[in-house]
Peer 1: 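Structure in structure tokens, see below.
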Amino acid sequence: CLGETKVSDCDVKFRRYQATLEIMKCWKGTEVIGQRVLVEWRIPVNAQLQGHWSVPYYPGEIVATHLKWNTENRVYGTTWWNGRAETPVRAADTDRLPEVAGQTVCAK
């Protein structure tokens with residue numbers, strides 16, 4: 001967890017996350033199998049918030065996803081809320097992510 005942030009056009013707090021993902025297959029782009037890339041996403045802090053706002057990644061999970069390079073932040077991000085497969089190829093070790101800045105969780 002990198003901490004909390006507010007989106008400029010709304011009054012909603014989000015937790016920011018980053019993870020290193022390993023490329024296992026690439027359909028488009030120049031990434032190489034085995035290459036590791038940094039991906040960033042955010043999740044709303046308020047669980048009451050309606051909508052599917054984020055595309056989380058969990059430790060140990062293997063999942064098909066569609067990533068896009070963010071030149072401003074120099075990380076990858078998902079292209080949209082449906083930017084990853086609903087059913088993972090391999091289930092995650094945990095579905096809990098840290099809630100405090102600086103906390104980390106690793107795959108087993």
Side-chain angles (χ1 to χ4, degrees):
C1 180
L2 299 174
E4 293 182 2
T5 186
K6 270 191 172 181
V7 177
S8 60
D9 58 346
C10 65
D11 194 30
V12 177
K13 282 186 181 178
F14 290 86
R15 282 193 190 98
R16 289 181 51 226
Y17 293 93
Q18 284 187 344
T20 302
L21 305 183
E22 182 178 340
I23 304 295
M24 301 189 78
K25 185 173 184 178
C26 183
W27 288 272
K28 293 182 182 178
T30 59
E31 289 69 22
V32 177
I33 292 174
Q35 179 181 355
R36 294 174 188 259
V37 297
L38 188 63
V39 176
E40 184 170 302
W41 72 95
R42 54 189 185 199
I43 296 175
V45 173
N46 182 351
Q48 302 298 320
L49 185 64
Q50 296 295 313
H52 190 77
W53 297 95
S54 60
V55 179
Y57 298 94
Y58 298 103
E61 180 178 48
I62 298 176
V63 64
T65 188
H66 189 260
L67 301 173
K68 182 178 179 183
W69 180 249
N70 181 323
T71 55
E72 183 179 325
N73 294 341
R74 304 199 47 79
V75 296
Y76 283 91
T78 52
T79 55
W80 199 244
W81 63 269
N82 62 353
R84 62 165 270 167
E86 286 188 39
T87 306
V89 174
R90 178 186 181 273
D93 297 332
T94 179
D95 63 354
R96 296 184 55 109
L97 294 173
E99 295 184 1
V100 177
Q103 286 182 329
T104 61
V105 63
C106 298
K108 294 178 182 178

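Note: hydrogens, waters and symmetry copies are ignored here, and every other heavy atom, side chains too, is used.
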Peer 1: After noting the C-alpha distance and the side-chain angles of Tyr58 and Leu97, does the key distance pass the side chain to side chain contact (heavy atoms under 4.5 Å, CB included) rule?
Peer 2: CA-CA 7 Å; Tyr58 298 103; Leu97 294 173; 3.7 Å; yes

Peer 1: Using side-chain heavy atoms (C-beta onward) and a distance below 4.5 Å, is Glu40 in contact with Asn70?
Peer 2: no

Peer 1: If you compare all heavy atoms of Thr20 against all heavy atoms of Arg36, which two are closest, and at what distance to 0.1 Å?
Peer 2: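 Scanning both residues, the minimum pair turns out to be CG2-CB, 3.6 Å.
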
Peer 1: Looking only at non-hydrogen atoms, find the nearest pair between Glu61 and Pro56 and report the distance.
Peer 2: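 The answer is OE1-O, 4.5 Å.
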
Peer 1: For the pair Arg90 and Asp93, find out whether any cationic side-chain nitrogen is under 4.0 Å from an anionic carboxylate oxygen.
Peer 2: yes

Peer 1: State, yes or no, whether a side-chain contact exists between Thr78 and Tyr57 at a heavy-atom distance under 4.5 Å.
Peer 2: yes

Peer 1: Are Val89 and Val63 joined in one hydrophobic group, where the rule is that I, L, V, M, F, W and Y side chains link up if heavy atoms are under 4.5 Å apart?
Peer 2: no

Peer 1: Run the numbers on Tyr76 and Leu21 for side chain to side chain contact (heavy atoms under 4.5 Å, CB included), then give the verdict.
Peer 2: CA-CA 10 Å; Tyr76 283 91; Leu21 305 183; over 6 Å; no

Peer 1: Nearest heavy-atom pair of Ala107 and Gly60: which atoms, and what distance?
Peer 2: CB-N, 3.3 Å

Peer 1: Locate the shortest heavy-atom distance separating Gly3 from Ala101; write the atom from each residue and the value.
Peer 2: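 Reported closest heavy-atom pair: CA-CB, 3.7 Å.
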
Peer 1: To check you understand the geometry: which heavy-atom pair defines the closest contact between Ile23 and Val32, and what is its length?
Peer 2: CB-O, 3.6 Å

Peer 1: Please round to the nearest 0.5 Å and tell me the distance separating atom CZ of Arg16 and atom CD of Glu4.
Peer 2: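 Spacing of CZ (Arg16) from CD (Glu4) equals 11.5 Å.
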
Peer 1: Output yes when a side-chain donor or acceptor of Tyr17 lies under 3.5 Å from a complementary backbone atom of Pro98, and no otherwise.
Peer 2: yes

Peer 1: Working to the nearest 0.5 angstrom, can you tell me the gap between Leu2 CG and Arg42 CZ?
Peer 2: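 Reported value, rounded in 0.5 Å steps: 12.5 Å.
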
Peer 1: How close do Gly77 and Val39 get, heavy atom to heavy atom, and via which atoms?
Peer 2: CA-CG1, 4.4 Å

Peer 1: Given side chains that start at C-beta, do those of Trp41 and Gln18 come closer than 4.5 Å, heavy atoms only?
Peer 2: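 No; the side chains remain at least 4.5 Å from each other.
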
